[in-house]
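Take a look at the structure set out below.
Since this is a predicted model, take the numbers as computed values, not measurements.
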Amino acid sequence: MKTVSRGALFSAIILCSVGSVASLQAYGPLGHEIVGAIADEKLAGTPTAAKANRLLDGLSLEKAAVIADEIKDWDKKGADDPRSFHYSAHRRIDRELREFWRANPPTPSANPTATSHHWFHYTDVPVVPPQAYRAGIAGRSKWDIVHMISYCIAVLQERVAEQNDRKITKPVAIILLAHYVADIHQPLHVGAEYFNARGRVTDPDKDKSALGDEGGNTFTLELGGELPRRRGMHKKKFHGFWDYDAVNALFPDVPRYLPKEEFLVQIEPLKKKLIHEMTAQEPRNWRMPSSIPVDSYAEMWADEILPVAQEAHARLEFRNVKPLLEGERTVAAGEAIEKPGANHALYRTWATGVVGDELHKAGWRLADLLEKIL
């Protein structure tokens with residue numbers, strides 16, 4: 001398919017993105033659903049779609065794409081608690097997911113002998129100094145998103161047996177890939193800032209006492225051109241803005257503080273229209289070089305998004321940075337405030353454009369990856 005410029009809907013997204021957006025974290029699945037649904041449309045009627053459908057027991061990629069986050073609810077009471085939710089209409093999938101969760105339960109610290117499924121969603125490559133994924137050590141691990149995407153690919157290609165220590169079967173591998181391919185296209189799931197004891201940005205490969213920003217999870221965010229917060233509203237989180245606000249801003253005509261049910265009703269036809277346009281229009285620069293093996297794709301995607309993660313931090317000023325004890329770990333926490341500047345767009349406008357581009361590429365790349373490995 002020929003590469004074309006974005007249509008009228010995409011133009012409207014960028015022009016209107018400063019307008020009203022819903023900002024509740026309950027809407028987080030939206031970005032993942034968009035990526036999975038693009039892949040569903042791209043693969044419709046193909047042998048790949050038929051094989052994925054069999055492995056997923058009829059679940060769509062749109063639905064599968066949110067499961068890796070949904071099972072985090074099991075962290076509270078365990079995967080076998082009768083009061084926990086289950087995928088009761090898909091008992092085999094539910095059983096394999098519970099086995100996966102038990103093999104990779106949440107742990108309070110980065111213990112290399114006990115893996116947590118939470119770690120599989122991200123890597124924390126320093127954005128200062130700028131670097132590629134394999135150029136350093138800090139923030140990477142053998143259980144990070146780059147390694148786990150490759151691991152899931154290996155399971156589906158039968159280079160790793162389904163009876164593995166991580167309990168990642170072929171159905172679970174597709175479920176995880178449907179989610180992780182979107183995660184690795186979110187800049188704060190790949191890049192992180194590190195700070196020294198005085199709250200100054202530092203290189204963690206040189207300063208071993210440096211504290212990371214947890215991909216922005218421990219920093220509040222103040223943006224220019226924002227309406228005053230309503231009474232009782234908390235400041236938004238830096239990471240949460242990218243996971244939720246910047247995605248919801250793709251739908252600027254939806255009013256801001258709607259109840260969840262009403263938001264979903266209003267967003268559904270707009271989401272379908274966006275997915276259809278993104279499926280029909282080939283995104284720029286989405287293809288991987290033919291000489292690159294599929295198990296190297298994740299590293300290339302990480303390297304591609306790192307400059308975006310660097311800019312996501314560079315456009316902000318970090319203030320009141322202090323150590324914060326989280327469980328057994330100490331991390332950096334503070335405030336991230338948009339830098340004033342007449343030479344570039346508002347942060348929200350820029351970020352919304354980035355998110356639209358990245359979700360678009362991620363959907364096409366997920367479909368392409370599954371075609372190559374199934």
Side-chain angles (χ1 to χ4, degrees), residues 107 109-154 180-219 238-239 242 285 288-289 291-318 321-324 326-334 336 354 358 361-362 365:
T107 58
S109 62
N111 179 351
T113 64
T115 58
S116 167
H117 65 96
H118 288 250
W119 306 341
F120 303 166
H121 293 247
Y122 65 91
T123 187
D124 282 331
V125 178
V127 297
V128 177
Q131 59 195 272
Y133 176 82
R134 66 170 56 201
I137 298 173
R140 296 83 156 173
S141 84
K142 67 177 182 177
W143 306 120
D144 69 15
I145 190 169
V146 173
H147 285 82
M148 293 312 298
I149 286 176
S150 297
Y151 192 98
C152 291
I153 290 171
Y180 297 161
V181 170
D183 275 350
I184 205 169
H185 286 79
Q186 202 271 54
L188 299 195
H189 274 261
V190 179
E193 195 101 270
Y194 291 80
F195 300 86
N196 63 21
R198 294 175 295 172
R200 305 281 180 81
V201 175
T202 190
D203 179 353
D205 281 318
K206 294 180 179 178
D207 180 357
K208 301 304 180 183
S209 65
L211 300 176
D213 70 358
E214 296 291 284
N217 274 301
T218 51
F219 280 74
F238 181 23
H239 187 101
W242 281 90
N285 304 319
M288 295 291 99
S291 59
I292 302 297
V294 290
D295 55 2
S296 295
Y297 281 9
E299 183 179 342
M300 290 194 68
W301 294 338
D303 286 345
E304 178 186 88
I305 201 70
L306 275 167
V308 181
Q310 291 154 14
E311 186 170 357
H313 287 81
R315 284 172 171 260
L316 303 171
E317 179 182 348
F318 293 88
V321 180
K322 298 176 182 178
L324 173 69
E326 280 204 336
E328 298 179 4
R329 300 184 307 124
T330 302
V331 299
V354 168
E358 294 302 326
K361 283 193 293 188
R365 285 173 171 175

Mind listing the closest non-hydrogen atom pair of [X] and [Y] along with its distance?
| X | Y | answer |
| --- | --- | --- |
| Q186 | I305 | C-CG1, 4.3 Å |
| S209 | D207 | OG-OD1, 2.6 Å |
| A210 | Y194 | CB-CB, 4.1 Å |
| A336 | L316 | CB-CD1, 3.9 Å |
| A298 | I184 | O-CD1, 3.3 Å |
| A312 | F238 | O-CZ, 3.7 Å |

Could you check if a side-chain atom of [X] sits within less than 4.5 angstrom of a side-chain atom of [Y], using non-hydrogen atoms only?
| X | Y | value |
| --- | --- | --- |
| P126 | Q131 | yes |
| P293 | D295 | yes |
| L324 | T330 | no |
| L211 | P323 | yes |
| P289 | M300 | yes |
| F120 | I149 | no |
| T202 | F195 | no |

Approximate separation, where rounding is to 0.5 Å, of [X] [atom1] and [Y] [atom2]:
| X | Y | atom1 | atom2 | answer |
| --- | --- | --- | --- | --- |
| T107 | W119 | OG1 | CH2 | 3.5 Å |
| K361 | E304 | NZ | CD | 3.5 Å |
| E193 | D124 | CD | CG | 11.5 Å |
| E299 | H147 | CD | NE2 | 8.5 Å |
| K142 | Y151 | NZ | OH | 10.5 Å |

Whether the side chain of [X] engages the backbone of [Y] through a donor-acceptor N/O pair (distance < 3.5 Å, no angle test) should be reported.
| X | Y | answer |
| --- | --- | --- |
| R140 | A138 | yes |
| D144 | S141 | yes |
| H185 | V181 | yes |
| T123 | V190 | no |
| N217 | E214 | yes |
| D303 | Y133 | yes |

How about Y180 and Y122: are their ring centroids closer than 6.0 Å?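 No; Y122 has its ring centre 6.0 Å or more from that of Y180.
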
Test of ring centre spacing under 6.0 Å for H239 and F219: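 Not close enough - the centres of the two rings lie 6.0 Å or further apart.
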
Neighbour count above 12 (heavy atom, 6.0 Å) for K206 NZ: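 No.
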
Determine, for R365 against E358, whether the closest basic-nitrogen to carboxylate-oxygen distance falls under 4.0 angstrom.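 A salt bridge is absent here (no side-chain N lies under 4.0 Å from a carboxylate O).
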
What do the steps show when you test V354 against E311 for side-chain contact (heavy atoms from CB on, under 4.5 Å), and what is the final call? CA-CA 11 Å; V354 168; E311 186 170 357; over 6 Å; no

